[in-house]
Amino acid sequence: MAKKPYPTVPRQFPKPAEIFELMQFKTPTLNATDRRLEKALTIADLRDIAKRRTPKAAFDYTEGAAEGEISLARARQAFQDVEFHPSILRNVPVVDTTREVLGGTSALPFGIAPTGFTRLMQTEGEIAGAGAAAAAGIPFTLSTLGTTSIEGVKGANPTGRNWFQLYVMRDREISYELTRRAAAAGFDTLFFTVDTPVAGARLRDKRNGFSIPPQLTPGTIVNAIPRPAWWINFLTTPKLEFASLSTTGGTVGEMLDAAMDPTISFDDLDIIRSMWPGKIVVKGVQTVEDAKLLAARGVDGVVLSNHGGRQLDRAPIPFHLLPDVVREVGGDLEVHVDTGIMNGADIVASVALGARFTLIGRAYLYGLMAGGRRGVDRTISILRSEIERTMKLLEVSTLDELGPQHVTQLARLQPIARPVQAAAEQAVAAKPKSVRAPRATAAKATATKTATATVKKPVARTAAAAAKATPTTKAAPKA
Ligand SMILES: Cc1cc2nc3c(=O)[nH]c(=O)nc-3n(C[C@H](O)[C@H](O)[C@H](O)COP(=O)(O)O)c2cc1C
């Protein structure tokens, strides 16, 4: 045979031992839920499973946000627009993900956010959430609109950390009584939610005709056929209802509107604070100015949050607020952040920019809908491995080593407040000062002044945003 003009790999007969080596099959997972969950590698995968298994109205109630759902989309986008700056050769064989938060420890830098009507998503509801949190060593937050009682959650997480989220309602006594019960049950922190003076417009609920309690219509029956497990769970477990409130029917939005009080104020915060023996955190802070007011009032923490986009649409992106708020009040109180977290790397980025802690809402609920308690365990384990992997790739061994040098927030939408203010300032400067304005003009001048003052704050933020890295300066680490 003619010699080949290039080197070749020698050929042989297949060896049985080598074939056998290739045939080491994995023992099959017998439990169907585990089998399903094993295939979920990301929170987005859990979401896909959740969507297949949950009736449309319940899934949409969970996944949906307010109006055009722009707040949520932007918050998620902001996390995707993170650029990380890894260090190298720092010898990091293991990472420590524990975090001191609000006077206690959490094994991971996130906890489970308060969510209302949770047993709608899957019948195990808060019991699954609190149990999974207990197993993982992270805090669980029970909502005022929860479907399991304060004492029921304590039973599911007897030795771990439980937090209680409070809505101050029209009937103040209901809120005061819940506060007393949560304190008596040993919940260590109260989250006072302030972004819900009225309900946001959850249009999916309206379109789906979703009401409390859920009603059977021809549409829901057709939708139920491919989702028998959810219905079997629903019909064979205790009635789905709010554990701490009696409801009057209608959508969740209509119920919220009936229960909430748009007149709540800082005085209510002071009253609740005087009643609560533990730590108090205000959830739903959306401006630097409000964070400063709260720091001056001595609260223990704030959650930068727009309620997962379920309240005001086109609200500020909490993750973008983070550096400014941390700079202004980070020395006085703990700054937490939520809305849009779908990946452990989102949590790492938040910690790097100064968040003491983060909360997960839908990421937890997707797991719950995908597989009850096991699904929530899966959510936590996915996020844990993403956090650990990101830390190892950044070559930091503790969360405290993370800093702004590790993250650039790439700007996508630039505020245009600056030219507006510049024009207003120019107009004021152009006015001859020596001429005494007649009455009407004086009134106009005052109006211009007010307009200038109101655009000033966004401009200050604009300047801060501009100082953040933009796509053109993206290689520069954030100061
Ligand atoms: C279905 C659902 C119900 C919620 N219910 C409450 C609630 O009762 N009280 C509250 O303070 N926040 C509530 N939230 C907001 C969450 O606590 C959290 O701020 C939000 O989910 C974070 O955004 P994410 O879902 O993108 O993680 C709810 C969120 C969802 C998705």
Side-chain angles (χ1 to χ4, degrees), residues 43-44 46-47 50 54 57-66 69 71-80 110-122 125-126 129 139-148 163-169 175 178 189-197 199-200 202 204-205 210 212 242-245 247 251-253 255-256 259-260 264 281-286 302-312 315 317-319 336-344 346-347 350 355 357-369 379 383:
I43 301 299
L46 283 176
R47 176 199 169 273
T54 315
F59 182 81
D60 277 355
Y61 167 70
T62 310
E63 160 133 310
E69 308 195 350
S71 292
L72 179 61
R74 285 184 184 164
R76 285 184 175 167
Q77 187 65 55
F79 281 121
Q80 284 170 27
F110 68 88
I112 294 185
T115 58
F117 221 47
T118 311
R119 288 190 53 231
L120 170 77
M121 291 75 172
Q122 201 272 357
E126 289 90 355
F140 176 81
T141 317
L142 173 65
S143 162
T144 293
L145 302 180
T147 42
T148 303
W163 294 345
F164 186 71
Q165 176 268 321
L166 187 74
Y167 281 126
V168 170
M169 287 170 285
S175 304
L178 290 173
T189 301
L190 191 81
F191 281 70
F192 182 12
T193 298
V194 293
D195 54 18
T196 316
R202 322 258 173 91
R204 293 199 205 194
D205 293 351
F210 170 60
I212 296 176
F242 293 115
S244 308
L245 299 178
T247 57
T251 63
V252 173
M255 201 231 68
L256 274 178
M260 296 304 153
I264 67 163
V281 175
V282 176
K283 175 173 181 283
V285 174
Q286 302 190 61
V302 291
V303 187
L304 305 179
S305 167
N306 61 40
H307 210 113
R310 295 164 76 83
Q311 286 299 111
L312 177 68
I317 298 168
F319 177 61
H336 300 192
V337 71
D338 80 13
T339 303
I341 292 174
M342 288 286 282
N343 190 298
D346 304 343
I347 295 170
S350 301
F357 209 60
T358 60
L359 295 173
I360 54 159
R362 293 180 185 81
Y364 141 64
L365 298 172
Y366 291 142
L368 180 66
M369 291 186 283
T379 288
L383 292 175

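Remember, it's 1-based here, ligands and their atoms both numbered in the order they're listed.
Ranking protein heavy atoms by distance to atom 7 (C) of ligand 1, first place goes to Tyr167 OH, 3.2 Å. In terms of protein heavy atoms, atom 3 (C) of ligand 1 is closest to Gly116 N, 3.5 Å. Closest protein heavy atom to atom 8 (O) of ligand 1: Ser143 OG, 2.7 Å.
When atom types are taken as modelled, the side chain of Gln311 and the backbone of Gly200 share a donor-acceptor pair closer than 3.5 angstrom. Of the possible donor and acceptor atoms, one in the side chain of Arg310 sits under 3.5 Å from a partner among the backbone N and O of Gly64. Although no hydrogens or angles enter the test, the distance criterion places a donor-acceptor pair under 3.5 Å between the side chain of Arg362 and the main chain of Glu63.
When side chains are defined from C-beta on, Thr118 counts as touching Leu365, because their heavy atoms get closer than 4.5 Å. The side-chain heavy atoms of Thr379 and Ile360, taken from C-beta on, include a pair separated by under 4.5 Å. Residues Leu120 and Tyr61 form a side-chain contact, since some pair of their non-hydrogen atoms from C-beta on lies under 4.5 Å apart.
Of the heavy atoms in Thr196, none comes closer than 4.0 Å to ligand 1. Contacts with ligand 1 closer than 4.0 Å are made by no heavy atom of Phe191, backbone or side chain. For Arg362, heavy-atom contacts with ligand 1 shorter than 4.0 Å involve the backbone as well as the side chain. Residue-level proximity to ligand 1 for Arg76 is absent, since no heavy atom of it falls below 4.0 angstrom. Within the 4.0 Å heavy-atom criterion, the part of Thr193 lying near ligand 1 is the side chain and not the backbone.
The nearest non-hydrogen atom to atom 18 (C) of ligand 1, considering only Asp338, Thr141, Val337, comes from Asp338. In the candidate list Gly361, Pro114, Ser305, Pro114 is nearest to atom 14 (N) of ligand 1, counting heavy atoms. In the candidate list Gln311, Arg310, Arg202, His307, Arg310 is nearest to atom 1 (C) of ligand 1, counting heavy atoms. Distances from atom 12 (N) of ligand 1 to the heavy atoms of Met121, Met342, Lys283 put Lys283 nearest.
The closest approach between Asn306 and ligand 1 stays at or above 4.0 Å for every heavy atom of the residue. Within the structure, the closest approach of Tyr364 to ligand 1 does not fall below 4.0 Å when heavy atoms are considered.
The shortest N or O to N or O distance between Gly340 and ligand 1 is under 3.5 Å. Here's the thing with Gln165: one of its N/O atoms is less than 3.5 angstrom from an N/O atom of ligand 1.
Checked against a 6.0 Å centroid threshold, the rings of Phe357 and Phe110 do not count as neighbours. Ring pair Phe79/Phe319: centre-to-centre distance below 6.0 Å.
Below 30°, between 30° and 60°, or above 60°: for Phe117 and Phe242 the angle between ring planes is between 30° and 60°, a tilted geometry.
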Chi angles and distances behind the side chain to side chain donor-acceptor pair (under 3.5 Å) call for Gln122, Thr54: CA-CA 8 Å; Gln122 201 272 357; Thr54 315; over 6 Å; no
